[in-house]
Asks: 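Can you read through this structure? Questions will come right after.
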Amino acid sequence: MGKEWTTENSAELYGINQWGQGYFRINEKGNVAIYPLQNSQRQIDLFELTEDLKDRGIRVPIMIRFTDIIRARIELINQCFLKAMQDHGYNGLYRGVYPIKVNQQHQLVEELVRYGRNYGLGLECGSKPELLVVLAMATAPDALIICNGFKDAEYIETAMLSQKLGRNTIIVVDRFDELKMIITAAKKLQTRPKIGFRSKLNTQGAGKWVDSSGARSKFGLTSIEIVEGVELLQKEGLLDCLELMHFHIGSQIPSIQAIKSSLKEGGRFYTELYRTGATGLKYIDVGGGLGVDYDGTGSSDSSMNYSEQEYANDIVSVLQSLCDENKIPHPTIVTESGRFLVAHHSVLVFNVTGVNDLHRYDLPRPIKKDDPQLLQDLQYIYEKVNSENLNECFNDLVQIKQEALQLFVYGVLSLKHRAEAEAMSWAIATKMIAIAKTNPHEFEDIYKDLEQEICDTYFCNFSVFQSVPDSWAVGQLFPVMPLHYLNEKPERSATLADLTCDSDGKIEKFIDTESGGYRKTLSMHSLNGKSNYYVGVFMTGAYQEILGDLHNLFGDTDAVHVSLTDAGYTIDQYVPGDTVTEVLSYVQYSRSNLIEQVRQATEQSILKGTLTKQEAKLLMKHYEEGLSGYTYLEEAE
Ligand SMILES: *Cc1c(COP(=O)(O)O)cnc(C)c1O
């Protein structure tokens, strides 16, 4: 008997103490627990919470949002900048701005605004619809409203008029044409607008979204356009309206070096403009890009090689030295961190509905002399394989499997023999994996190949396309792990398949704490004897919900907002997921028409005698209940 499996082993296996950042840990019961205040002992047991929510009629899959984490993240970034500014003797202020495109969900934006009030947290919009949302929010009076994205005259005039509501709205010129529109609107409305310039940096970002930066990026003014823009403003007597210099080098920047280089270039735009007469400048907006650590490695595109404190220190110190060299006042530093503020706060929880169970660990039966040669060969490999000849046997196995397929297609191998060959291949692969494990370094390739081949598929009650679209679209990694049984050893390796009929509808990229890279399978517990088995996908708060689509007509999941109370926790909000009727209405089907059409079909069948009246009644009952129901699998009452 080996040593007993403990929660520490699970923590190591899933890497939760690294990516969890103190917000997520395994508790003494062997369940995942949320510590919303990071370093306090107050926890919410995620498994118990899930059961508790189900008792209240809330359905899996559930998006659970932890409000306290939002507050903690806002405080964290503000404290980091405050500390950096104090340590360096920086004379300006820090102002955060939340770009609502990262997650526009109404209650979430309200929570951000509420918790951000004391810190003057502002909002950023990147389109006309987003501007309309932002203007309706009760941000603090001195909080910034930053207007980015493509603009027309209506967008610009609305933003300008909002100044008269007491909003601190800054219109950022993303394309040169917009500057002309701003000047026209300023004359028409007799207003002195607050203007920002977005500069196109030559410094490239880094990471997965690197193409959104650099000289060919979609937005921003070139240095030629900036020089011309200043001249134009001067001619119009509006140069003092230029208050903000903006740049954004992309999202989830993994390297602090890329951030520093962009600051040096972006900071130079600021100091040059100020020196040459744009003395109305008082904000430098360094955009988003502050990363979060999805895999805990500190070295991949899904991670970052710096802390939030280092990020703040570097921004403050680079800008301070640039300004001091040029003897200009220290500007207010603005960041547009979205992912950093909201990624951690939500967790998707779903149940496993089944597993493809191949009995494959043992040989099916002894092979006899009159069996096909191919089966004899497989038997031979099974008996002889060892660590000395593993490579050779592996290659033989691959070849025999191809032969088996060909012989079947040509009508030589019967279905029964093909099935036996397959079962023997599984048994051999299982044995080979055990051998490869004894020397993981030498046999890494074989191990990875075989592990993926013989892994289980766990069928899960969720849609990748709706709830974690970046996992599918850009191969982003999210931490995934079971919520309970973490004091038992997970004996299975699995990929997670979703409910869509799409073969891409699965998660196949998992943290590998041993190699620091990725695994294609996740360690899971056997389902035997378990009435439910829950899995969590963590850090889904940024970008996922809003990019999610209705593939196969799976709609929004149920969502709840949970916050700590003295007695434990409370459910602040319940946002029911889409009903089938709602999802169908997005593609123009009307409930009443659908019902009427099916009813008429039952009427005709009753006339033809193929359907009884009772059957028709039952069919219509299921049909109507189905339309009112959840788009995901529901448990029988
Ligand atoms: C998307 C975007 C952001 C948010 O970036 P994060 O990496 O999520 O912080 C900030 N600013 C602009 C202009 C953006 O387009």
Side-chain angles (χ1 to χ4, degrees), residues 93 95 97-101 104 109 113 117 120-200 218-222 225-248 269-270 273-274 276-285 287 331-332 334 336:
L93 297 172
R95 279 283 175 266
V97 165
Y98 172 69
I100 69 165
K101 71 150 194 256
Q104 295 105 333
V109 175
V113 166
R117 247 176 172 268
L121 179 71
L123 297 172
E124 186 259 11
C125 54
S127 67
K128 201 156 52 174
E130 287 189 351
L131 172 67
L132 304 183
V133 168
V134 160
L135 289 185
M137 292 287 148
T139 42
D142 58 335
L144 286 165
I145 291 177
I146 305 274
C147 302
N148 285 322
F150 286 104
K151 303 172 194 73
D152 57 13
E154 189 182 58
Y155 181 134
I156 288 171
E157 288 183 17
T158 310
M160 242 180 246
L161 286 168
S162 76
Q163 263 177 255
K164 306 198 177 195
L165 297 175
R167 299 306 170 91
N168 194 5
T169 313
I170 299 190
I171 307 172
V172 175
V173 179
D174 278 328
R175 291 175 308 124
F176 195 78
D177 282 351
E178 292 170 0
L179 187 58
K180 297 180 191 148
M181 288 195 271
I182 291 172
I183 292 169
T184 309
K187 286 179 185 156
K188 176 174 161 193
L189 302 174
Q190 307 253 324
T191 307
R192 297 193 72 74
K194 295 173 183 239
I195 301 175
F197 276 0
R198 174 164 178 173
S199 65
K200 210 177 251 190
K218 205 158 97 184
F219 291 115
L221 306 178
T222 62
E225 288 171 323
I226 287 181
V227 171
E228 284 175 4
V230 168
E231 284 165 7
L232 184 57
L233 284 175
Q234 190 136 38
K235 194 173 110 227
E236 300 287 345
L238 291 172
L239 188 55
D240 59 310
C241 297
L242 181 60
E243 294 194 4
L244 176 141
M245 195 65 222
H246 173 55
F247 58 91
H248 169 69
F269 275 104
Y270 185 91
L273 285 185
Y274 195 98
T276 53
T279 51
L281 277 173
K282 50 185 170 212
Y283 301 104
I284 182 152
D285 177 351
T332 294
V334 179
E336 300 178 344

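In this text the structure is predicted, and so the values were computed from the model without any measurement.
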Asks: Looking at every non-hydrogen atom in both residues, tell me the closest pair between Tyr155 and Asn148 and how far apart they are.
Replies: OH-O, 2.7 Å
Asks: Could you state the interatomic distance from NZ (Lys188) to CE (Met181), rounded to the nearest 0.5 Å?
Replies: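 So the NZ of Lys188 and the CE of Met181 are separated by 12.5 Å.
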Asks: Can you name the nearest heavy-atom pair linking Gly196 to Ile170, along with the distance?
Replies: N-CG2, 3.7 Å
Asks: Quick one, Ile145 and Ser162 - any side-chain contact, counting heavy atoms below 4.5 Å?
Replies: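 With C-beta onward as the side chain, the pair stays apart.
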Asks: Taking all non-hydrogen atoms of both residues, which atom of Arg175 and which atom of Leu221 are closest, and how far apart?
Replies: C-CD2, 3.7 Å
Asks: With respect to Ile171, which candidate in Leu244, Ile195, Ile182 satisfies the side-chain contact (heavy atoms from CB on, under 4.5 Å) definition?
Replies: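 Looking at Leu244, Ile195, Ile182, the match for Ile171 under the side-chain contact (heavy atoms from CB on, under 4.5 Å) is Ile182.
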Asks: Is there a side-chain contact between His246 and Ile146, using heavy atoms and a 4.5 Å cut-off?
Replies: no
Asks: What's the spacing between Thr276 OG1 and Glu231 CD if we round to 0.5 Å?
Replies: 10.0 Å
Asks: Please tell me if the side chains of Thr169 and Val134 come closer than 4.5 Å, counting only heavy atoms from C-beta onward.
Replies: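 The answer is no; the side chains never approach within 4.5 Å.
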Asks: Looking at side-chain heavy atoms only, is the closest gap between Phe197 and Val172 below 4.5 Å?
Replies: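 They are not in contact (no side-chain heavy atoms under 4.5 Å apart), so the answer is no.
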Asks: Answer whether the closest heavy-atom distance between the side chains of Lys194 and Leu144 falls below 4.5 Å.
Replies: no
Asks: Indicate the atoms forming the closest heavy-atom contact of Arg95 with Gly120, along with that distance.
Replies: CD-O, 3.5 Å
Asks: side-chain contact (heavy atoms from CB on, under 4.5 Å), that's the test. Do Arg192 and Gln163 meet it? Break it down for me.
Replies: CA-CA 9 Å; Arg192 297 193 72 74; Gln163 263 177 255; 5.9 Å; no
Asks: Quick one: NZ on Lys235 to CD1 on Ile183, what's the gap to the nearest 0.5 Å?
Replies: 8.0 Å
Asks: Identify the heavy atoms of Glu178 and Gly149 that sit nearest to each other, and give their distance.
Replies: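 Minimum heavy-atom contact is OE2-O, 3.4 Å.
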Asks: Would Gln234 and Leu239 satisfy side-chain contact (heavy atoms from CB on, under 4.5 Å), going step by step from the backbone distance to the final call?
Replies: CA-CA 5 Å; Gln234 190 136 38; Leu239 188 55; 3.9 Å; yes
Asks: Does the pair Ile156 and Thr184 meet the rule for a side-chain contact (heavy atoms from CB on, under 4.5 Å), with working shown?
Replies: CA-CA 10 Å; Ile156 288 171; Thr184 309; over 6 Å; no
Asks: Calculate, to the nearest 0.5 Å, the distance between atoms CG and CG belonging to Leu238 and Leu232 respectively.
Replies: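 Spacing of CG (Leu238) from CG (Leu232) equals 8.5 Å.
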Asks: To the closest 0.5 Å, what do you measure between CD (Glu228) and OG1 (Thr222)?
Replies: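 Those atoms lie 7.5 Å apart.
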Asks: Using every non-hydrogen atom in the two residues, find where Ser199 and Phe269 come nearest and quote the distance to one decimal.
Replies: OG-CD1, 3.8 Å
Asks: Kindly indicate whether the side chain of Leu123, heavy atoms from C-beta on, has any atom under 4.5 Å from the side chain of Met137.
Replies: yes
Asks: Can you check salt bridge (charged side-chain N to carboxylate O under 4.0 Å, His left out) on Lys200 and Glu225, steps first, answer last?
Replies: CA-CA 10 Å; Lys200 210 177 251 190; Glu225 288 171 323; 5.8 Å; no
Asks: With side chains defined as the heavy atoms from C-beta onward, is the minimum distance between Leu281 and Pro331 less than 4.5 Å?
Replies: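 Side-chain contact under 4.5 Å: no.
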Asks: With rounding to the nearest 0.5 Å, note down the distance linking CG in Asp285 to CZ in Arg198.
Replies: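 Asp285 atom CG to Arg198 atom CZ measures 9.0 Å (nearest 0.5 Å).
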Asks: Report the C-alpha distance between Cys241 and Leu233 in whole Å, list the side-chain angles of each, state the deciding distance to 0.1 Å, and finish with yes or no for side-chain contact (heavy atoms from CB on, under 4.5 Å).
Replies: CA-CA 8 Å; Cys241 297; Leu233 284 175; 5.8 Å; no
